[in-house]
> 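Below is one structure. I have some questions about it.
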2 protein chains.
Amino acid sequence: MSELTSPTYTRADEAFDCLQTAIVKGELAPGEKIGELELCSRFNLTRGPLREALGRLESRGLLVRRPHAGVKVVSVSASELMELYRIREVMEGLAARQAAERMTDQEIADLQATLNAHERMIDEAQGQAYYQAEGDYDFHHRIATGSRNTKLAQMLLGDLYYMVRMYRYRLSTSTGRPQRALGEHRRIVEAIAQRDGELAEFLMKRHINAARQNIEQKIEQGELTI
Amino acid sequence: MSELTSPTYTRADEAFDCLQTAIVKGELAPGEKIGELELCSRFNLTRGPLREALGRLESRGLLVRRPHAGVKVVSVSASELMELYRIREVMEGLAARQAAERMTDQEIADLQATLNAHERMIDEAQGQAYYQAEGDYDFHHRIATGSRNTKLAQMLLGDLYYMVRMYRYRLSTSTGRPQRALGEHRRIVEAIAQRDGELAEFLMKRHINAARQNIEQKIEQGELTI
DNA sequence: CTCTCCAGTATTGTTGACAATATTTACCCT
DNA sequence: AGGGTAAATATTGTCAACAATACTGGAGAG
């Protein structure tokens with residue numbers, strides 16, 4: 001999932017990827033206390049590499065450890081999820097600005113093609129929130145890497161997105177507003193294509209702000225319980 | 001250094017802290033290839049806990065590992081350092097805004113006291129860049145935690161600051177402009193005390209931007225070689 | 001009947017030995 | 001003499017047994 005590009009793929013990498021996807025997909029429920037031996041038998045690992053992977057995951061904030069007391073998946077409250085969106089707002093705003101300054105013409109063309117594919121997916125699989133989420137993820141992923149800011153991309157792709165995706169899977173029934181989001185995506189790409197970094201940043205911040213308010217509203221209405 | 005609050009302090013925590021401070025202080029030079037057994041004898045550890053700590057540090061971007069080839073301390077180029085400041089600009093801007101909304105009156109009073117202490121340090125130990133850097137670090141630290149945004153504080157304190165401090169130590173001879181920075185700090189705290197989040201964000205962004213330009217200029221003049 | 005203390009158990013933390021792989025060095029071939 | 005290949009070496013990756021600690025259940029006292 002992450003280090004497949006590396007020539008050799010170590011057991012610890014395997015453990016890391018397995019656990020990460022398991023957590024993100026919700027197969028390991030937040031707050032659930034998990035034993036090491038249980039994980040070992042589940043993923044065919046031994047405790048050495050497993051513990052190394054646990055260290056990495058703890059460092060990324062996906063789980064918490066208490067010495068001699070075990071490991072449990074992190075549980076994020078509603079308010080903490082909102083805080084994550086506030087962070088995304090400023091960081092992805094920066095990413096969009098730098099992407100506008102640095103993406104190649106080819107990358108921008110690919111990005112536009114991605115949006116077209118996304119539009120087809122919305123038409124064909126109406127309400128299939130899963131594919132919508134994947135399309136959305138792809139869009140933000142491309143802009144993060146397009147920023148050419150290594151650390152920024154690392155923080156977005158390695159830390160924030162996994163935590164957000166945790167919730168995408170859990171309450172996968174619709175982030176709602178797919179057409180609206182697509183429109184916002186198009187305008188962001190337009191700004192990037194025109195190399196208008198300032199506008200791209202503004203539009204991206206507003207886009208994520210809207211997504212946050214959408215979720216906030218649903219939580220208040222009790223449609224989404226966390 | 002980080003988990004000393006925890007009741008029990010595991011070997012892996014010890015290894016993590018030792019290595020982190022060693023990297024930050026420059027005792028382990030960037031780009032330097034380091035062997036596990038060497039580290040074990042140096043810090044009186046065994047390889048198990050050490051490897052767990054290495055996983056954490058890799059995840060935080062302080063070192064890179066290639067399977068079977070060893071570990072080396074990450075080396076950050078000048079341009080990458082500038083990118084770090086761009087990230088700090090938006091993230092600490094957010095932190096300042098949220099701190100203005102959420103810090104207690106007591107915390108704000110403590111923050112002002114910190115600045116007074118900082119002023120004395122500048123007067124007494126003129127040019128002692130080390131203490132200036134410590135004061136600066138303390139200021140930004142308080143605002144990050146004052147934001148009450150767990151993940152934001154975690155990313156700033158756990159990821160970014162250590163990378164920046166790496167350079168503070170290396171080119172410890174003056175970030176320059178101590179009085180000027182202090183004045184900027186004061187104005188930020190003023191805005192926070194008045195609960196003006198918008199202004200606090202603006203001033204913080206400008207403050208970090210100025211620091212970035214200061215370093216950039218020195219690099220161009222060849223005073224700081226990276 | 002409840003609360004506390006103690007012992008047993010199960011789980012985590014640690015260690016040292018074993019296996020696999022990249023680097024290095026030496027040798028052979030061109 | 002230079003380059004390339006192959007064996008040797010040293011380092012990393014992995015494993016299974018040992019030690020230390022937190023949780024659980026029961027027994028006794030209030």
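Each chain gets a letter, A, B and so on, in the order the sequences are listed, and its residues count up from 1. None of the values given here were measured: they were computed from a predicted structure.
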> dT14(C) C1' sits how many Å from Glu14(B) CD, rounded?
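After rounding, the reported distance stands at 13 Å.
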> Looking only at heavy atoms, what is the nearest atom pair of Ser147(B) and Ala95(B), with distance?
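Looking at all heavy atoms of both residues, the shortest contact is CB-O, 3.7 Å.
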> Taking N or O atoms only and anything under 3.5 Å, show me the protein contacts with nucleotides 4-10 of chain D, one pair per line.
none

> What orientation do His140(B) and His207(B) show, parallel under 30°, tilted 30 to 60°, or perpendicular over 60°?
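Aromatic pair His140(B)/His207(B) classed parallel.
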> Given atom CG of Leu54(A) and atom P of dT14(C), what is their separation to the nearest angstrom?
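That distance rounds to 14 Å.
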> For nucleotides 16-19 of chain D, which of its nitrogen or oxygen atoms have a protein nitrogen or oxygen under 3.5 Å away, and what is each distance?
none

> For a quick test of reading the model: is some side-chain N or O of Arg51(B) closer than 4.0 Å to OP1 or OP2 of dT15(C)?
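For dT15(C), OP1/OP2 do not have a side-chain N/O of Arg51(B) under 4.0 Å.
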> Closer to the 5' end of DNA chain C via nearest nucleotide, is it Lys33(B) or Leu45(B)?
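Nearest-nucleotide comparison on DNA chain C picks Leu45(B).
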> Could you give the NE2-to-C1' distance, from His68(B) to dT12(D), as a whole number of Å?
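The answer, rounded to whole Å, is 5 Å.
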> Strictly below 4.0 Å: does Thr10(B) bring a side-chain N or O up to OP1 or OP2 of dT12(C)?
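Answer no for this pair, as no side-chain N or O of Thr10(B) is under 4.0 Å from OP1 or OP2.
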> Whole-Å distance between dT14(C) P and Glu36(A) CD?
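Result: 11 Å.
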> Of Ile23(B), Val71(B), Thr21(B), which is the lone residue that meets side chain to side chain contact (heavy atoms under 4.5 Å, CB included) with Leu28(B)?
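Of the listed options, the one satisfying the test is Ile23(B).
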> Measure from CZ on Arg65(A) to P on dT21(D) and round the result to the nearest Å.
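Rounded to the whole Å, the gap is 17 Å.
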> If you find the nucleotide of DNA chain D closest to Ala69(A) and the one closest to Glu52(A), which residue's nucleotide is nearer the 5' end?
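Of the two residues, Glu52(A) wins.
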> At under 4.0 Å, does any side-chain N or O of Arg66(A) touch on OP1 or OP2 of dT11(C)?
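False: Arg66(A) side-chain N/O out of range (4.0 Å or more) of dT11(C) OP1/OP2.
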> What is the distance, rounded to the nearest whole Å, between atom CG of Leu50(A) and atom P of dT12(C)?
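The answer, rounded to whole Å, is 9 Å.
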> Going by the rule ring pair (Phe, Tyr, Trp, His ring centres under 6.0 Å), which residues pair with His141(B) if we only count those two or more places apart in sequence or in a different chain?
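By the ring pair (Phe, Tyr, Trp, His ring centres under 6.0 Å) rule, His141(B) matches Tyr137(B).
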> Would you call Arg56(B) and Asp13(B) a salt bridge, using N to O less than 4.0 angstrom?
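Salt bridge present between Arg56(B) and Asp13(B).
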> To the nearest 0.5 Å, tell me how far Glu216(B) CD sits from Leu81(B) CG.
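Answer for the CD-CG pair, Glu216(B) versus Leu81(B), is 9.5 Å.
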> Indicate yes or no: does Arg212(B) engage Glu92(B) in a salt bridge with an N to O separation below 4.0 Å.
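No, no charged N to carboxylate O under 4.0 Å.
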> Does the side chain of Glu83(B) come within less than 4.5 Å of Thr150(A)'s, by heavy atoms?
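No, their side chains stay 4.5 Å or more apart.
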> If you define the side chain from C-beta out and look only at heavy atoms, does anything of Arg42(A) sit under 4.5 Å from Leu19(A)?
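Of all side-chain heavy-atom pairs linking Leu19(A) with Arg42(A), none is under 4.5 Å.
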> Measure CZ/Arg11(A) against P/dC15(D) and give the value in whole Å, please.
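My rounded result for the distance is 5 Å.
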> Grab the OH-C1' distance between Tyr9(B) and dT21(D) for me, whole Å please.
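About 18 Å, once rounded to whole Å.
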